[in-house]
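So the structure is just underneath, and the comments pick up after that.
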There are 4 protein chains.
Amino acid sequence: MVDQASVWQGGIIGLVTTPSKNSSERRAHLVQLAGDLFAEKGFRATTVRNIAEAAGILSGSLYHHFDSKESIGDEILSAFLDDVLAGYRSAVASTDDPRKAIEEIVRSSTATLSRHRAALTMLQNDWSYFSAQPRFGYLRTAMKEIEQTWVEQLERGKQTGVFRADLDARLVYRLLRDILWIPTSWRPSKGAGWSTDEIVDGLLRLLFDGITA
Amino acid sequence: MVDQASVWQGGIIGLVTTPSKNSSERRAHLVQLAGDLFAEKGFRATTVRNIAEAAGILSGSLYHHFDSKESIGDEILSAFLDDVLAGYRSAVASTDDPRKAIEEIVRSSTATLSRHRAALTMLQNDWSYFSAQPRFGYLRTAMKEIEQTWVEQLERGKQTGVFRADLDARLVYRLLRDILWIPTSWRPSKGAGWSTDEIVDGLLRLLFDGITA
Amino acid sequence: MVDQASVWQGGIIGLVTTPSKNSSERRAHLVQLAGDLFAEKGFRATTVRNIAEAAGILSGSLYHHFDSKESIGDEILSAFLDDVLAGYRSAVASTDDPRKAIEEIVRSSTATLSRHRAALTMLQNDWSYFSAQPRFGYLRTAMKEIEQTWVEQLERGKQTGVFRADLDARLVYRLLRDILWIPTSWRPSKGAGWSTDEIVDGLLRLLFDGITA
Amino acid sequence: MVDQASVWQGGIIGLVTTPSKNSSERRAHLVQLAGDLFAEKGFRATTVRNIAEAAGILSGSLYHHFDSKESIGDEILSAFLDDVLAGYRSAVASTDDPRKAIEEIVRSSTATLSRHRAALTMLQNDWSYFSAQPRFGYLRTAMKEIEQTWVEQLERGKQTGVFRADLDARLVYRLLRDILWIPTSWRPSKGAGWSTDEIVDGLLRLLFDGITA
DNA sequence: AATGAATGAGTTTTCATTCAT
DNA sequence: CATGAATGAAAACTCATTCAT
């Protein structure tokens with residue numbers, strides 16, 4: 001579709017040299033490039049120059065699209081959390097069975113996370129940097145909702161007897177949330193070829209049944 | 001012996017103001033301070049000035065003790081890996097039962113990790129930075145040995161029927177190793193008061209049996 | 001062509017305020033300024049701030065144009081050696097007479113050297129610094145070619161009887177090369193007004209005939 | 001005589017634990033070590049730590065013997081110039097023949113210079129550094145006397161017909177003085193085995209007769 | 001939209017020097 | 001005499017950001 005547009009533009013006007021990509025597309029493309037670098041090296045370790053080079057422009061030119069490096073980070077992080085929370089909410093809304101809810105949370109998380117590798121790396125690597133800034137206050141808010149969702153489902157599962165009664169819900173939440181985030185942070189190259197499905201299934205099996213035969 | 005000497009000096013001469021603290025102690029103290037900061041903010045995000053300030057000296061003065069920031073990192077990382085590998089080796093040497101070996105690896109890891117929080121944070125946050133430098137080549141070597149140890153025990157467990165035959169040993173290793181490392185990265189303040197033992201038990205229970213009742 | 005364009009722009013549009021000065025001109029200007037300082041104080045003794053101040057900018061701004069102080073040095077030194085070697089090669093190619101070849105080498109050297117005072121000072125003052133670095137390996141290579149050229153001409157001159165048979169070619173080369181470089185290192189202010197020609201003539205007369213009447 | 005003193009001290013007092021090497025010997029030894037390093041790398045490029053390491057002590061300990069790095073330089077430079085001037089004065093006093101006087105100056109210089117390689121390197125490399133400081137004002141004074149001596153002899157030679165009448169005395173002085181200093185700056189390793197005598201003879205022959213057959 | 005030049009505050013590191021022990 | 005810890009000023013370099021063109 002992008003091509004369609006550019007062909008059309010080129011056809012009529014006949015003077016446009018750099019056709020395609022209107023403003024918001026260009027912007028999205030830059031966020032994408034930045035995100036890839038953030039995922040690879042972390043937010044702080046990635047320089048504005050790195051991003052500009054990846055885009056084939058000079059670093060100063062980035063400031064036509066964003067007013068700061070942090071606003072790129074903001075865009076990535078808030079999009080991620082919106083997506084995560086939407087998944088959690090619909091997972092909880094979809095069923096009354098805590099085990100199914102958790103299974104759904106895991107599945108939705110996995111899908112969401114694979115779309116937001118950069119955001120996760122940023123949270124893991126540079127949490128102390130972001131969480132200290134008022135601008136990123138929504139990070140804490142969102143994390144609280146995530147925790148609440150898990151704990152609620154685990155507690156309900158304990159009450160209905162689906163989960164072991166001796167589980168410490170908050171402890172298990174912390175472990176599970178972080179466990180869930182692990183595969184996302186694996187570099188593509190190092191994954192030895194596991195598909196997302198394989199990883200999710202392995203993870204679910206591990207969570208519910210352990211490794212014992 | 002150092003204590004003996006200082007007590008004696010203090011007793012007889014009565015002039016010793018600073019209670020001993022010889023050269024290597026001072027150095028170790030500085031490494032400790034640096035490590036705390038690295039654990040909190042990551043290696044790159046911690047400045048030499050931060051470390052010096054924590055020690056109550058000027059940044060340049062640190063170079064009396066270390067020839068670079070990296071050499072502090074080196075000291076922390078290599079001590080950590082030496083410790084981890086020693087634990088793994090003795091765990092494997094202590095038993096023939098793969099399940100016991102893994103249990104032992106987990107227990108030794110937990111003990112080791114709590115002594116080396118800084119190192120772990122550094123590996124997680126700044127792996128791309130360190131692993132790119134020849135100086136830190138031993139990181140890759142050590143990680144390979146760690147992987148091999150896990151995979152061997154898991155495979156043997158599968159053969160003897162202790163573990164499920166359908167486990168993907170490398171996948172499970174990756175998950176388990178990272179899972180094991182999770183609690184260490186939790187900030188003390190955020191742990192809501194879990195003791196190391198509680199965490200280890202929760203973890204082992206989770207690994208072997210899952211969360212299902 | 002660049003000139004064409006700018007003239008055209010200036011002519012038609014009449015808006016161009018700064019009379020061209022494109023990127024590479026600015027860069028060349030900075031190299032020139034740096035070279036003057038290097039010639040005056042030596043490479044190591046000249047700080048990046050010195051250079052920046054001479055250019056009326058801040059020291060960090062220099063890194064927009066060069067990626068290190070050494071790369072400025074590199075530019076100056078390699079340009080010098082390229083020039084010297086070109087002169088030597090064409091001197092040798094221009095004649096079969098060793099005496100004429102040497103005379104030509106001296107004349108070309110003098111011309112070259114006056115254009116590269118900075119480079120010469122750098123080689124004399126900071127040779128141990130540069131020659132220790134792989135990056136400046138070409139310095140040794142070039143010096144070898146220079147030596148070979150001199151020695152060859154001197155030897156041929158001895159065989160054809162133009163030069164005294166008892167000359168130690170390498171010793172004379174070392175003396176002559178260094179002698180040749182002397183006047184260049186004289187500060188303009190101290191030269192008491194000798195023209196280049198006067199110096200060259202004095203030098204040649206000295207070389208060929210000595211000071212005796 | 002120095003030994004006499006220290007033996008005597010040891011004999012009478014009987015408490016001196018590190019016998020030999022009294023204070024001034026130790027000091028002279030340190031100056032020697034420092035000089036070697038200055039000759040090799042230049043004054044500024046040599047660090048106080050370098051010197052201390054060469055002496056097997058810590059950098060701070062040097063300040064028991066000298067109150068600053070510059071005072072070491074001072075010691076080396078003033079000793080050199082005293083020596084040079086003494087040689088020049090006795091050369092001039094020894095004869096009425098300008099040619100013999102110059103020959104004697106050359107011979108005395110060569111002897112002096114070989115004893116003061118460090119000083120010469122320091123003057124050549126770091127002249128701008130030293131000459132800018134009031135403390136080293138004697139450098140300019142001494143250089144003036146050196147120039148005067150040469151010029152006088154050359155002028156007298158021109159009048160008596162020993163030297164060519166068209167010599168520019170100051171120009172020739174500048175050339176000859178610098179020429180004379182050249183071989184001293186040659187690294188021992190690079191000299192390809194020329195003895196001091198060979199070099200002096202080569203030089204004198206070159207000066208008086210040129211290279212022409 | 002993009003360039004290219006620059007800023008300014010910050011980074012790691014170096015080094016002569018001081019001083020209590 | 002020597003050590004070991006520290007200072008403080010300066011070095012080279014980095015980087016997010018600004019802005020005229």
Side-chain angles (χ1 to χ4, degrees), chain A residues 18 21 23 26-27 44-52 55-72, chain B residues 9 13 15-18 21-24 26-27 30 44-52 55-70 72, chain C residues 15-18 21-24 26-27 30 44-52 55-71, chain D residues 17-18 21 23 26-27 44-52 55-70 72:
Chain A
T18 47
K21 307 257 173 186
S23 176
R26 179 84 175 121
R27 192 187 159 91
R44 282 152 118 162
T46 302
T47 71
V48 169
R49 243 216 199 52
N50 290 154
I51 302 169
I57 58 179
L58 290 181
S59 65
S61 307
L62 272 182
Y63 288 79
H64 267 281
H65 305 277
F66 310 96
D67 49 274
S68 73
K69 185 186 173 188
E70 267 161 33
S71 75
I72 307 182
Chain B
Q9 278 196 357
I13 308 189
L15 278 171
V16 179
T17 49
T18 49
K21 292 258 171 193
N22 62 25
S23 173
S24 67
R26 178 74 175 136
R27 192 186 158 92
L30 292 172
R44 281 152 120 160
T46 302
T47 72
V48 168
R49 268 236 260 291
N50 290 154
I51 302 170
I57 57 178
L58 291 180
S59 69
S61 306
L62 273 181
Y63 289 79
H64 182 61
H65 305 277
F66 309 96
D67 47 270
S68 72
K69 184 186 170 188
E70 265 162 35
I72 307 181
Chain C
L15 278 171
V16 179
T17 49
T18 49
K21 289 260 169 194
N22 60 26
S23 175
S24 66
R26 177 73 176 136
R27 192 187 159 92
L30 292 171
R44 280 152 122 163
T46 302
T47 71
V48 168
R49 267 236 261 289
N50 291 155
I51 303 169
I57 57 177
L58 291 181
S59 69
S61 306
L62 272 181
Y63 289 81
H64 182 62
H65 305 276
F66 309 96
D67 48 271
S68 72
K69 185 186 169 187
E70 266 161 35
S71 77
Chain D
T17 47
T18 47
K21 306 255 171 188
S23 176
R26 179 84 175 119
R27 193 187 158 89
R44 282 153 119 161
T46 302
T47 71
V48 169
R49 244 216 199 51
N50 291 154
I51 303 169
I57 58 179
L58 290 180
S59 66
S61 306
L62 272 181
Y63 288 79
H64 268 280
H65 305 277
F66 309 95
D67 49 272
S68 74
K69 185 187 172 186
E70 267 161 34
I72 307 181

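To find a chain, count down the sequence lines: A is the first, B the second, and so on, and within it residues start at 1. All of these numbers come straight from a predicted model, not from anything done at the bench. Hydrogens, waters and symmetry mates play no part in the numbers below; they use all other heavy atoms, side chains included.
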Fill in: Length of the NZ-P vector between D:K69 and E:dT18, whole Å
14 Å
Item to complete: Would you kindly give the CD1-to-C1' distance between B:I72 and E:dT13, to the nearest whole Å?
Response: 12 Å
Practice prompt. Ignoring backbone atoms, test whether D:R26 places a side-chain nitrogen or oxygen under 4.0 Å from the OP1 or OP2 oxygen of F:dA2.
Written response: yes
Fill in: Atom pair CZ/NE2 of D:F66 and D:H64 - distance to nearest 0.5 Å
12.5 Å
Worksheet item: Reckon C:I57 touches a base, only the sugar-phosphate, or nothing at all at heavy-atom distances under 4.0 Å?
Response: sugar-phosphate
Worksheet entry | B:R27 CZ - F:dA6 C1' separation (whole Å) | 16 Å
Practice prompt. Identify, between C:V48 and A:R44, the residue whose nearest nucleotide on DNA chain F lies closer to the 5' end.
Written response: C:V48
Worksheet, complete the sentence: Per-residue pairing states of DNA chain F in dot-bracket (Watson-Crick or G-U under 3.5 Å; . unpaired, | other strand) read .||||||||||||||||||||
Worksheet, complete the sentence: The residue, C:L58 or B:D67, whose nearest nucleotide of DNA chain E is more 5′ is C:L58
Discussion item. When you measure from the side chain of A:R27 to the backbone of A:H65, do you find a donor-acceptor pair of N or O atoms at a distance under 3.5 Å?
Written reply: yes
Worksheet item: Mind checking what makes side-chain hydrogen bond (donor to acceptor under 3.5 Å, both in side chains) contact with A:S61, not counting sequence neighbours?
Response: none
Item to complete: Answer yes or no: does a side-chain N or O of C:R49 lie under 4.0 Å from OP1 or OP2 of F:dA11?
Response: yes
Practice prompt. List the atom of A:A55, the atom of A:R26, and the distance in Å for their closest heavy-atom pair.
Written response: O-NH2, 4.1 Å
Discussion item. Here's a test for you: under side chain to side chain contact (heavy atoms under 4.5 Å, CB included), which of C:L30, C:T46, C:I57 qualifies with C:I51?
Written reply: C:T46
Worksheet item: Base, sugar-phosphate alone, or nothing: which one does B:T46 contact when heavy atoms must sit under 4.0 Å apart?
Response: sugar-phosphate
Practice prompt. For residues D:A52 and D:L62, report the shortest heavy-atom separation together with the two atoms involved.
Written response: N-CD1, 3.9 Å
Fill in: Residues from residues 59-66 of chain D lying under 4.0 Å of DNA chain E - heavy atoms
D:S59, D:G60, D:Y63
